[in-house]
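A short write-up of the structure that comes next.
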Amino acid sequence: MRCSSCVKKLEDIPLFNSNIQNSKVYFGQSLMEIEAFGSTTESDVLSVIEKLGFKAKILENKIQSFDLNKKSNRSLLSKIAVAGFCAANIMLFSVPIYAGADHVYKIVFSFLSFSLFLPIVFYSGVDFYKNAMSSIKRKSLSVDLPISLALILGFVFSSWNLFAGHYDYLYFDSTASFIFLILGSRFLLQRLQQNFIATYSSSDLNLSDKVQMQESGLVKNKEDLREGDIIVLFHNQTLPVEAVQQSDFCDWNTSLITGEGTPKILQKEMPIKSGSLLVSKKCVLKVTSTYHESDIYKIHKKLEDLKNAKVQFVQFIDKFSNYFIASVFVMAGSFFAYYSFQNVFEAFQRSLALLIVACPCALALGTPLAYMMGVYRAKQKGILIFNKDIFDRVLLVRNIFFDKTGTLTYGFLHIKNISLYKEDLVNIILNLEKLSDHPVALALRREYFSIYKDIEMSVQTIPGLGVSANIGSDFYEFKRSAKASEISSTLYKNGASVLDISFEDAIREDSASVILKMKKYFHNIFLLSGDNDVSSQKIAEQCGIKNILSMQTPQMKLSVIEAKQPALMVGDGLNDALALQAASVGITVQGSVQLCADSSDAYLLKKGVGQILVLISLAHAVRKTIFLNFSISLVYNLTAGTLALLGYINPLTAAILMPLSSVFILLNTLRGVR
Amino acid sequence: MNILFILVPLALLLGIFFLANFLWANKNGQFDDLDTPALKILNEDERDKKESS
C-alpha cells in the first residue's frame, strides 16, 4: 500500500464483492481487517485482494494481538488524557499557592489539587502498580517500582500533610506532572513499536501446498502425500517431500537447502531433496517420505523450537538500571533510618523528596526512547528491525558469519568468460534460449539483451542438457556442462563446437570493502557456506575472508554458530534460517526467503551487506545516548538528591526541576540518535 | 476575589466537558488509526460520483 487510492481500492471491496461484509485498512501498520460472510474462506479473500494487484498475507495469530493492541492503545490514551487534564489543573492551582495566596484560597486550592490527584492515583497510575507487583513477584527490579512508590507515597504523604494543615509540603503538582510525562513517553513508545518494529508471523516456507498426482491428475495437499505416490511437479514448484526422480533429466535449484548457486541436472532414479525448486518445465517423481518426515519439515520444526527456547538476553542497560534503582532506594532508606533518630517527620519528608526528585527519568523515559529512535532511524536508513535488543547485542558480537550465495554474491549467474564474441552467434544463442528461464538464459539475456534480434526457428529441448534448433541448413545446439566449481555452456554448429561461455555467481561490488571495514569491529570473520570447497574458497579470497567453512548443512551451520557465540550471522536462504535464529544477531539481506527473515533480528532493505556498518554505528549512537542520559540524570539526581536530603528542596523547586530534567533528556535523545 | 468561587468550578467543568468528549471519542475508536483517514479525504465517495454523473 502506498497511497490514498490503494486505501480506497481496498476499502471498496465490499461494494463489488457481495461475499465481503466489511473492509478496513490500517495504513500505518500495513494491515487490513476484513469481515466476510459465513461461507467465504481465507483463500477467497486473498484471491480478491490479489486481483486488485496487492499482496496479502494472513496474520495467523496476530489477529488477537492486533485487537489487544487496539485495546491497550485506547486505555493508555484515556489514562494520559485524564492525567494530563488533572496535572495541568493542579499546576494552575499550585501557582497561587506558591505565590502566597490568602489562607482561605490556599486551603481551597490545596483541596482542589487533592481531589484532582485522586483520578491519577486510582486510574492513570494503575498500570504502574500492576507492573510493579509483577516485578516483585519475579523478584526483580523494574522502573515501575520506584514510580509506583513515588506516586503512592507522594499521595499518602501529601494528603496527610493536607489534612494535618501543613499546606507547604504538598507534592501533588510535581508527582502529577511526572506521571503525565511518563505515561506520555510510554504511549509514544507503544505507537512507535507497533508501527516500526516490523512484525512478520507467517511461517511461509514457499513450498507447493498442493501437488498433482501423475495418474489421476487429482491435486493433493502436501500433508496427504504418501510413500510411493507418483507426482508431477511443474516449473517453479518446490518439492515438499523427499522423492526420487522418474523423468530422465531435470534441472533443480537446491539453493534453498544447500546454498549452492548453480542449478543441478539430475537424472532418473536420483533422490531429490525436499525444498528443491524445479527449473525444468515438468518432472515426474516418486514420493519416498511423507511431508512430516521430510528434511524441510524437520528444519521448520527445529526453527519453531529454537524460537520458543530463545534465551532471554539480559541487557547491559537492564543490569545498570537495576543498580541505579537500588542505589536510590538505599540512599532514601538509609537517610531515613539515620535521620529519624532526630526528627521522624523531617526524615520521612526529605527521603520522599529524594525519591520523587531522583525518580529515574533517564530509565523510564530516555532508555526506551533511545531504542525506539534507533529503530526509527534504522528504518529511514533502510534497515528493518524486528527486535530492539539488537542494538545491545550487535556490540557484543565477536564472530561474524557470512553466507555465500545471495549474501556476499548476487545469487544469480553472470557471464565470466566468453571464448569468442560474435554478435550473430550470440544472437543465435539468445534465440535458442528465448523461452527458457534457466539461470544461464537469464544471465545471457541480462548481458546481451541489446543485440537481440528475432530469428524464426522451432526450438527443441534436449532434456537436462540444453536446446537445439535448425536455422536455415545449419543445426545448432547449445548445451550445458556443469562442473564442480563453475557452469559453462557450449554452442555447437553441426556438431562442432564454436563458442564457449562460462558463468559464475559474482560477488557484490561492495562485499570486499565492507568486510575490510568490519575487521575493525569483529575479531573473526567467517564464510559459512553450503556450497562446495572450490567456489567458497574463491569467493572468500575475493572478499578477504580467511576462515572458510564450506559444505555446511543447515544443522552444521547451527552447531557452528552455537559454538562461536556471541555471533552475528548474515544470510538469505532457508539453509541459514536455523543459524540466524540461534545467533545473537541474525541479519537477513534483501531478497531473502520469508522464513529466513522471520527468524532474523533485522532485514536489510538495500542490496548487499553494507547496511550492517550503518547498523553498528547506529548501535553505538544508541548506547552513547543512553549513557549520556544516565550521566545527565546521575549528576542531576546527585545534586538534587543531596539538596533534598539537606532540606533545601521545597515542593516548588521539585516541581520545576522534575519536568526540566525530563525535557532535557528528551532533547538529548532526539539529538543523539542519528 | 469571590468571583473565583464561580469561575474556578466553571473552568473545571468546562475542562471536564472536553475531557469527557475526548474519552468518548477515544472509546469509539476515533484515534485508532491516524494515518488512513488523512488519505481517504482525497477520494470522492462512490455515492457522490453516481449522483453527479
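Values in this document were obtained by computation on a predicted structure and should not be read as measured data. Numbers restart at 1 for each chain; the letters A, B, ... are given by sequence-line order, proteins then strands.
- Residues from residues 17-25 of chain B that place a non-hydrogen atom less than 4.5 Å from a non-hydrogen atom of chain A comprise L19(B), F22(B), L23(B), given in numerical order.
- Contacts between V108(A) and chain B at a heavy-atom distance below 4.5 Å involve the side chain alone, from C-beta outward.
- Considering CZ of F93(A) and CG of L12(B), their distance stands at 4.0 Å, rounded to 0.5 Å.
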**Candidate pair F109(A) and V8(B), rule side chain to side chain contact (heavy atoms under 4.5 Å, CB included), full reasoning** = CA-CA 10 Å; F109(A) 288 154; V8(B) 167; 4.2 Å; yes
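- In terms of heavy-atom proximity, K27(B) sits nearest to R74(A) at O-NH1, 3.2 Å.
- L116(A) touches chain B through its side chain: at least one heavy atom from C-beta onward sits under 4.5 Å away, while N, CA, C and O do not.
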